[in-house]
> 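Here you go, one structure.
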Amino acid sequence: KPVAMAMFAPLFLIVNAQAPYKTLKEFIAYGKSQPNGLTFGSPAAGSQPHLAIELFLRSAGVKGVAAQFRGDAPSYTELLAGRIDATLTAISTALPYVETGKLRVLGAASAERSAVYPNAPTLREQGYPDVVATGWYGFLAPGGTPQPIVDRFQTELLAILTDPEIKKKLLVQGLEVHGTDGAAFGKFIDDEAAKWSKVIKDADIKGG
């Protein structure tokens, strides 16, 4: 039973700052010019970044592959070494390299500009309105939980999530607070399931 949405982990399209492409438009044009398209780093098969990559490739009309690693850090190691073209994942691990000019952010896969890295225009702004993908966290209760308990849990959670200090600490970790009630959270889950089921089918992603 959905209790409350808590927070989002926005995903960002990040490339090596020394790469020949400096903008999203140039990045996509580069991918279309390559026989095998683009190579992305992904933290795990079937993860939200993996699905976001597949959605981006199809929306941009470019070929490509998501190379699977164990977590974000190996993807950024490969990106810094120039062995992959990009990542589309959380920015927290990459931020020190972005700030020192080693990596470049081409866009955010969020519905609106993210407070995590507000300098990045969204992919929506740049002509790809369907490429919205974020990691997210919420709270659920067992199905048989009495409604008064669910309501109390929801009230307490939403109160915590409005605390400015809590929001500030989460933002430093790459997380944006988006507290919503159980009804809105339940609809969000249903919408996400339908959206990503289609991506999985279109990309022919199989279970391990």
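Sequence positions, counted from 1, serve as the residue numbers for this chain. Predicted, not measured: the structure shown is a model, and the values here were computed from it.
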> Looking at Gln154 and Gly182, would you say the former's side chain and the latter's main chain have a donor-acceptor pair under 3.5 Å?
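Looks like yes, one N/O pair under 3.5 Å.
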> Verify the distance criterion only: is there a donor paired with an acceptor across the side chains of Thr93 and Asp72 at less than 3.5 Å?
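Side-chain D/A pair, Thr93 to Asp72: absent.
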> Report the relative orientation of the aromatic rings in His178 and Phe8; use parallel for angles under 30°, tilted for 30 to 60°, perpendicular for over 60°.
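His178 vs Phe8 ring planes: tilted.
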> Is Lys167 close to Leu170 at the side-chain level, that is, under 4.5 Å between some pair of heavy atoms?
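They are not in contact (no side-chain heavy atoms under 4.5 Å apart), so the answer is no.
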> Verify the neighbour count for atom NZ of Lys22: are there more than 12 heavy atoms of other residues, nucleotides or ligands below 6.0 Å?
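Counting other residues, nucleotides and ligands, NZ of Lys22 exceeds 12 neighbours.
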> Kindly say whether Arg113 contributes a backbone atom to a donor-acceptor pair with the side chain of Glu125 at under 3.5 angstrom?
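No: the side chain of Glu125 does not pair with the backbone of Arg113.
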> For the residue pair Glu176 and Ala115, what are the closest heavy atoms and their distance?
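Residues Glu176 and Ala115, closest heavy atoms: OE2-N, 2.7 Å.
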> Would you say that Asp191 contacts Lys195 through its side chain, given a criterion of any heavy-atom pair below 4.5 Å between the two side chains?
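No. Closest side-chain heavy atoms not under 4.5 Å.
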> Calculate, to the nearest 0.5 Å, the distance between atoms CZ and CD1 belonging to Phe69 and Ile84 respectively.
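That separation rounds to 5.0 Å.
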> Distance-only, no hydrogens or angles: does the Ser59 side chain make a donor-acceptor pair with backbone N or O of Phe56 under 3.5 Å?
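Here the side-chain-to-backbone pair does not exist.
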> Is any side-chain heavy atom of Arg104 less than 4.5 Å from a side-chain heavy atom of Ile14?
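Not in contact.
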> Tell me whether the count of non-hydrogen atoms from other residues, nucleotides or ligands lying under 6.0 Å of CZ in Arg152 goes above 12.
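No - once you tally the heavy atoms of other residues, nucleotides and ligands closer than 6.0 Å, there are 12 at most.
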> State, to 0.1 Å, how close Ala86 and Val15 come at their nearest heavy-atom pair, and which atoms those are.
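Shortest heavy-atom contact: CB-CG1, 3.8 Å.
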> For the CG atom of Leu13 and the CG atom of Leu106, what is their distance to the nearest 0.5 Å?
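One gets 5.0 Å once the value is rounded to the nearest 0.5 Å.
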> Relative to each other, are the rings of Phe185 and Trp136 parallel, tilted or perpendicular (30° and 60° limits)?
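Plane angle over 60°, so perpendicular.
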> Would you call Lys198-Asp202 a salt bridge at under 4.0 Å N-O?
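Here Lys198 pairs with Asp202 in a salt bridge, since their nearest N and O are under 4.0 Å apart.
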> Do side-chain atoms of Asn16 reach the backbone of Leu80 as a donor and acceptor pair under 3.5 angstrom?
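The answer is yes, because a donor-acceptor pair under 3.5 Å joins these two groups.
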> Closest approach of Val105 and Ala120, non-hydrogen atoms and distance?
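That closest heavy-atom pairing would be CG1-CB, 3.6 Å.
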> Are more than 12 heavy atoms, taken from residues, nucleotides or ligands other than Lys1, located less than 6.0 Å from that residue's NZ atom?
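Enclosed.
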> What distance separates Ile200 CD1 from His50 NE2, expressed to the nearest 0.5 Å?
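NE2 of His50 is found 9.5 Å from CD1 of Ile200.
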> So for atom CZ, which belongs to Phe153, do other residues, nucleotides or ligands contribute more than 12 heavy atoms lying within a distance under 6.0 Å?
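For Phe153, atom CZ is crowded (more than 12 foreign heavy atoms under 6.0 Å).
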> Given Gln68, which partner from the list Ser75, Ser42, Ser47 fulfils the side-chain hydrogen bond (donor to acceptor under 3.5 Å, both in side chains) test?
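The residue from Ser75, Ser42, Ser47 that satisfies side-chain hydrogen bond (donor to acceptor under 3.5 Å, both in side chains) with Gln68 turns out to be Ser42.
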> So, the side chain of Ser197 versus the backbone of Ala194: is there a donor-acceptor pair under 3.5 Å, distance only?
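No; zero donor-acceptor contacts below 3.5 Å.
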> Are more than 12 heavy atoms, taken from residues, nucleotides or ligands other than Lys102, located less than 6.0 Å from that residue's NZ atom?
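No - once you tally the heavy atoms of other residues, nucleotides and ligands closer than 6.0 Å, there are 12 at most.
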> Considering residues, nucleotides and ligands other than Asn36, do more than 12 of their heavy atoms fall under 6.0 Å from its CG?
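Check fails, neighbour count at 12 or below.
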> Should the heavy atoms of other residues, nucleotides or ligands under 6.0 Å from CD of Gln18 be counted, would the total exceed 12?
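Atom CD in Gln18 is not crowded, with 12 or fewer foreign heavy atoms closer than 6.0 Å.
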> For Ala9 versus Leu175, what's the shortest heavy-atom pair and its separation?
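In terms of heavy atoms, the two residues are closest at CB-CD2, 3.7 Å.
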> Just say parallel, tilted or perpendicular for the rings of Tyr117 and Phe12, cut-offs at 30° and 60°.
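Plane angle over 60°, so perpendicular.
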> Looking only at heavy atoms, what is the nearest atom pair of Ile28 and Ala60, with distance?
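In this case the closest contact between Ile28 and Ala60 is CD1-CB, 3.9 Å.
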> Look at the side chain of Ser114 and the backbone N and O of Val116, then say whether any donor-acceptor pair between them is shorter than 3.5 Å.
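Yes, the answer is positive, given that a donor and an acceptor are paired below the 3.5 Å cut-off.
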